[in-house]
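Quick caveat: nothing in here was measured; it's all calculated off a predicted structure.
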Amino acid sequence: MSKKIYKKAVTIGLPVAFENMIYSLVSFIDVFMVGKENLVLGLGTVAVAGLGFANQLYMIFAVSLFGLNSGGGIFAAQFFGNKDYKNLKKCLGITLSIGFVFSLLFLILGLFFNREVISVFTNDTKVIETGAKYLKVVAWTYPLIGIGFAFNMQLRAIGQTKYPFYSSLIGLIINFVFNSLLIFGNFGFPALGVVGAAVATVLSRFISTLYIIYIVYKLKLPLAATFKEMFGFTWEFFVRILKVSLPVFGHEIMWVSGVSIYVVIYGRMGTEPAAAVEIVKSISNLIFTLLFGLSSASSAIIGNEIGAGNEEGAYKTAIALLKASVVLAVIISISVYLFSPILLNIMHVKPGIYPLTKQILISEMFIIICKSMGTILIVGILRAGGDTLWTMFADLLPLWLVAIPITYIAGLKLGLPISIVYLFSVSDEVVKFVPCLRRLRSKKWINNLVK
């Protein structure tokens, strides 16, 4: 039984993991390229911090979008397991509608309030100016992401994860090529610095979004719907999906707001600590994506089992995948520590922030293990059973009542080293682990939403 589960998890999860790794690579390449000191082009530590703060708006958008689309994803997995393709296509229509409309709000923020957004995280005028220039251009990716994300999430729900991976790979290649051309002005192209990195990101998102839409209709996948099939849903059906999505949306928006407060705390501790944290996150995210892949695979597999009426099978699958996540987290944690010195040298990290970065990496080893268990339990297992309200409270209360106050006091009141402050940011993961484990064993999280 376990071997079959693991094989299925690998088949579904690896493409998702590689897709997420590619998304992280896009950010890593941007940080890597703008981190090379060049006063004329405004590159270096200031540029790294500026891009990090600008990308925080993207993180808020992406996490919120995930929450809004989660109901569609949960229902899609169960509809697919139940072979109800008519309602599966309606789920796509709903996630497309929500994603596009929601993206317009963030497009406006990026275009017209970019300086205000960056100034939330730092007082450094150079960082604000650099981040605002980048954000004003990269904001055009948000509508593209809103559309592409809907297709990708629905494809994951039906187990077709390789196509979102191919889409991301195409985007990565385009991003790398145009970064090389537009940041430094190679082969006769203009040297645009951080603006060049933003333009490259917009181009890569545009082409990767076109690809994923093309492949769905070219191969006539179950999601290949006519306009009427996608958007001919009733208000009752929309509300049914929204009832599952809204708790997750509220959950995610409150969660990402809390995480953004951490970024504010690091930014107020100084530009160098903030840049060091950004470098560490860009490295660990490359490997941590394997855990996100396992989480996405878990959600799809468990959702399919529940939709097919095999509730006991869903529970056994959850236990097996939780065990696998712990083993994988330990391997990833060790890998981050072993390979990070090589990446730091390749990135030419300045001597001034190199010691800080190394100290934060040691904290990151422990953080990865804690986060992995929380991610698989809440996102990969409990939510897959439609247990969205309980998971919201289990995740948010420790974050806002424990982790954020402790991190704030440690960083801005006591002035502790950034590596210790960074470690405190994961205290909520420790607090919520036991309640989540008890919820898993109770089986109360298993809800067949399409019966």
| Are Tyr422 and Val277 side-chain neighbours, meaning at least one heavy-atom pair lies under 4.5 Å? | yes
| query | Should the pair Phe238 and Phe233 be assigned to parallel (<30°), tilted (30 to 60°) or perpendicular (>60°) ring geometry? | reply | parallel
| request: Please confirm whether the backbone N or O of Ala329 pairs with a side-chain atom of Ser333, one donor and one acceptor, at under 3.5 Å? | output: no
| said: Whether the side chain of Asn175 engages the backbone of Ser204 through a donor-acceptor N/O pair (distance < 3.5 Å, no angle test) should be reported. | reply: no
| field | side chain to side chain contact (heavy atoms under 4.5 Å, CB included) against Ile406, all qualifying residues, sequence neighbours excluded | value | Val402, Phe424, Ser427
| message | Would you compute the distance between atom CG of Leu92 and atom CG of Asn87 and round it to the nearest 0.5 angstrom? | response | 12.5 Å
| Side chain proximity check, Phe237 to Cys91, heavy atoms < 4.5 angstrom | yes
| message | Apply side chain to side chain donor-acceptor pair (under 3.5 Å) to residues Asn123 and Arg268 and explain how you reach the verdict. | response | CA-CA 8 Å; Asn123 292 323; Arg268 303 293 171 177; 2.6 Å; yes
| request: Report the residues that fulfil side chain to side chain donor-acceptor pair (under 3.5 Å) with Asn179, sequence neighbours left out, ordered by chain and then residue number. | output: Asp30
| Taking side chain as C-beta onward, heavy atoms only, is Ile212 less than 4.5 Å from Leu155? | yes
| task | Could you tell me which residues satisfy side chain to side chain contact (heavy atoms under 4.5 Å, CB included) with Leu322, sequence neighbours excluded, listed by chain and number? | result | Ser325, Ile376, Leu377, Ile381, Leu437, Leu440
| message | List the residues meeting side chain to side chain contact (heavy atoms under 4.5 Å, CB included) with Leu338, not counting sequence neighbours, and say none if there are none. | response | Ile334
| message | When you compare the side chain of Ile60 with that of Ser260, does any pair of heavy atoms fall below 4.5 Å? | response | yes
| remark: Gln359 meets the side chain to side chain donor-acceptor pair (under 3.5 Å) criterion, sequence neighbours left out, with none
| note | CG of Leu88 to CG of Leu221, rounded to nearest 0.5 Å, is 10.5 Å
| Considering residues at least two apart in sequence or located in another chain, which fulfil the side chain to side chain contact (heavy atoms under 4.5 Å, CB included) criterion with Met392? | His251, Leu389, Leu396
| query | Can you tell if the side chain of Tyr211 reaches within under 4.5 Å of the side chain of Tyr163, non-hydrogen atoms only? | reply | yes
| message | Using 30° and 60° as the class boundaries, would you call the ring planes of Tyr142 and Phe61 parallel, tilted or perpendicular? | response | tilted
| Mind checking whether Pro435 and Phe393 have side chains closer than 4.5 Å, heavy atoms only? | no
| Exercise: identify the closest heavy-atom pair between Ile147 and Leu96 | O-CD2, 3.7 Å
| From CA spacing to verdict: salt bridge (Lys or Arg N to Asp or Glu O under 4.0 Å), Lys89, Glu229 | CA-CA 6 Å; Lys89 292 173 181 178; Glu229 286 175 324; 3.8 Å; yes
